[in-house]
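Inspection log for the structure reproduced underneath, given as structure tokens.
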2 protein chains.
Amino acid sequence: MARAATTSDTFNAIAEPQRRDILTLLRSGERSVTDLARELGISQPSASKHLRVLREVGLVQAREEGKQRLYGLDARGLREVHEWVGGFEQFWAGSFDRLDAYVRELKKTRAED
Amino acid sequence: MARAATTSDTFNAIAEPQRRDILTLLRSGERSVTDLARELGISQPSASKHLRVLREVGLVQAREEGKQRLYGLDARGLREVHEWVGGFEQFWAGSFDRLDAYVRELKKTRAED
DNA sequence: TTGACGCATTCCGTTATCGGAATATGATTG
DNA sequence: CAATCATATTCCGATAACGGAATGCGTCAA
């Protein structure tokens, strides 16, 4: 068994830096495959493959425009990621070093005196 | 070239469901490796390997306690993920169907009349 | 010291990923 | 229809990921 298929798994889809870059670019509007490839400095087939993954998890959608295919952002699938990660917010707000925790404990104890 | 190393990449570290489950479990406190394996229904070596990945990206930390090793959460690394994903919030707030966008465009145009 | 326990590591086989090159498909234009 | 442009797919090779089984290693208890 290898890693879970990236298809139908948003977390895996955004685990790839190039795919994150594609999504970021698409925030400013639709792009053709060639444009994306050029802006990212990758080959056309590579861009096409990444777009396929993003399409399969529903993070982008394609629109036919003549012989071009314009890809647009559909970020709704990112909500799940945002919420999962957000569940940890209390754990990074403030510092949670072991030392810091110890210091906080100390202060708390003293305050109770 | 294969996939980027999961090591030193938080996005990749949380792309694996079992590892997400481990992090979730650790929100309620430290656990030993064996406890985690049992609670997740996976083998001890498997748990140990996932913990290694999480340790290497800094999402967990280990503390020696007798012959056990207690793993604790250090979620600070998740902040980066939360912020990146959060940058897309405006795109999933409200619906962004093509139809909806069209309707919004229409309303906007009329408002300008 | 020996044995048991807890954990990490290694080795192995299977599967998936990624980039590149070549090629296929599909639409537009002449 | 032929040529061209834009995109998708396929094939390939190298690499990495994952789980399982076996093993190594340190710690504690008797």
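By convention in this document, chain letters (A, B, ...) are assigned in the order of the sequence lines, proteins followed by strands, and residues within each chain are numbered from 1.
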Value for CG (B:D74) from CZ (A:F91), rounded to nearest 0.5 Å, stands at 11.5 Å
B:D21 CG to D:dC18 P, in whole Å, measures 14 Å
Taking D:dA8, D:dG19, C:dA8 as options, the one with an atom nearest any side-chain atom of B:R69 is C:dA8
For A:R27, the salt bridge (charged side-chain N to carboxylate O under 4.0 Å, His left out) test, sequence neighbours excluded, returns none
Can a side chain N or O of B:R52 be found less than 4.0 Å away from OP1 or OP2 on C:dA8? no
B:N12 atom CG is separated from C:dA16 atom P, nearest whole Å, by 17 Å
note: B:L51, atom CG; D:dG19, atom P; distance rounded to Å ~ 12 Å
The reported gap from CG in B:L36 to CG in B:D21 (rounded to nearest 0.5 angstrom) is 10.5 Å
Rounded to whole Å, CZ of A:F11 lies from P of C:dA16 at a distance of 21 Å
Which of C:dC7, D:dG19, D:dA6 is nearest the side chain of B:Q18? It is D:dG19
inquiry  = Under 4.0 Å from OP1 or OP2 of C:dG19: is there any side-chain N or O of A:H50 that close?
reply    = yes
Side-chain atoms of B:E16 come closest, of C:dA8, D:dG19, D:dT7, to D:dG19
Looking only at heavy atoms, the pair that brings A:W92 and A:V85 closest together is CZ3-O, 3.6 Å
Separation of C:dA27 atom C1' from A:R63 atom CZ, nearest Å, is 16 Å
Taken in chain and number order and not counting sequence neighbours, the residues that satisfy salt bridge (charged side-chain N to carboxylate O under 4.0 Å, His left out) with A:R20 are none
Among D:dT27, D:dG19, D:dT7, the one nearest any side-chain atom of B:K67 is D:dT27
Verify, without hydrogens or angle tests, whether A:Q68 (side chain) and A:L70 (backbone) share a donor-acceptor contact under 3.5 angstrom. no
Protein heavy-atom contacts under 4.0 Å, written 5' to 3' over nucleotides 20-25 of chain D as B (base), S (sugar-phosphate only) or - (none), form the string BBB---
Between CD1 of B:I22 and P of C:dC7 the distance, given in whole Å, is 13 Å
If you look at every strand shown and take non-hydrogen atoms under 4.0 Å, does A:E64 touch a base, only sugar-phosphate, or nothing?
-> nothing
| request: Look at the side-chain N and O atoms of B:Y71 and state whether any lies under 4.0 Å from the OP1 or OP2 oxygen of C:dG6. | output: no
When rounded to whole Å, the CD to P distance for the pair B:Q68 and C:dA4 reads 19 Å
| Donor-acceptor pair, side chain of B:R69 and main chain of B:A62, under 3.5 angstrom | no
Rounded to whole Å, the CG-P distance (A:L70 to D:dT7) equals 8 Å
